[in-house]
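As the structure is a prediction and not an experimental result, all values here were calculated from the model.
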Amino acid sequence: MPGSIPEDETSADDFDPKKNAAEMEAGGAAIAKALLRAEMAKRRLTYESLVALMWDFGIEENERNLRNKVSRGSFSAAWFFSVMMMMEVKSVDFSHAYDSVSDTLGA
């Protein structure tokens, strides 16, 4: 029937914006912490040495709190970009992240 939704596709009634937003946020946190860890690894920075670098820039963080923050992905975009700038990251490749977003939303 024209205009009807095939049985194998979901309808607009199945869309839950709050659930999708939460899934996107969790996916974003996972990507951010993976990017941060990857940049640390490229620079051979340990959490201890990153804390020392942060102190050089006036950010008083301790190693335990930093590990927890990164592990949980519980940091703001401003904090993330500040740390990336401290590590002198010039560019970040997000191309792999788009597959994760599609997987998260079941597209």
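Two residues are said to be in side-chain contact when any heavy atoms from C-beta on lie closer than 4.5 Å; Phe75 and Val83 fail this criterion. By the 4.5 Å heavy-atom criterion applied to side chains, Asp56 and Met86 are not counted as neighbours.
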**OP:** Any chance you could lay out the side-chain contact (heavy atoms from CB on, under 4.5 Å) test for Glu61 and Leu50, step after step, and finish with the verdict?
**Re:** CA-CA 9 Å; Glu61 187 74 73; Leu50 183 55; over 6 Å; no

**OP:** Start with the C-alpha distance between Met40 and Val70, add both sets of side-chain angles, then the distance that settles side-chain contact (heavy atoms from CB on, under 4.5 Å), and finish with yes or no.
**Re:** CA-CA 11 Å; Met40 286 174 64; Val70 173; 5.5 Å; no

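Applying the side-chain contact (heavy atoms from CB on, under 4.5 Å) test to Trp55 and every residue at least two apart in sequence or in another chain returns Val51, Glu60. Every residue two or more places apart in sequence or in another chain was checked for a ring-ring contact (aromatic ring centres under 6.0 Å, His included) with Tyr47, and none qualifies. Partners of Arg44 according to the side-chain contact (heavy atoms from CB on, under 4.5 Å) rule, which considers only residues two or more places apart in sequence or in another chain, do not exist here.
Separating the CD atom in Glu88 from the CZ atom in Arg43 is a distance of 8.0 Å, to the nearest 0.5 Å. Note: Leu66 CG to Ile59 CD1 = 10.5 Å, rounded to the nearest 0.5 Å. Once rounded to the nearest 0.5 Å, the distance linking CD of Glu39 with NZ of Lys90 reads 11.5 Å.
Hydrophobic clustering of Ile, Leu, Val, Met, Phe, Trp and Tyr side chains at less than 4.5 Å, counting indirect connections, keeps Val92 apart from Met85.
Within a 6.0 Å sphere centred on CD of Glu63, heavy atoms belonging to other residues, nucleotides or ligands number more than 12.
In terms of modelled atom types and a separation under 3.5 Å, the side chain of Lys69 and the main chain of Ser74 share no donor-acceptor contact.
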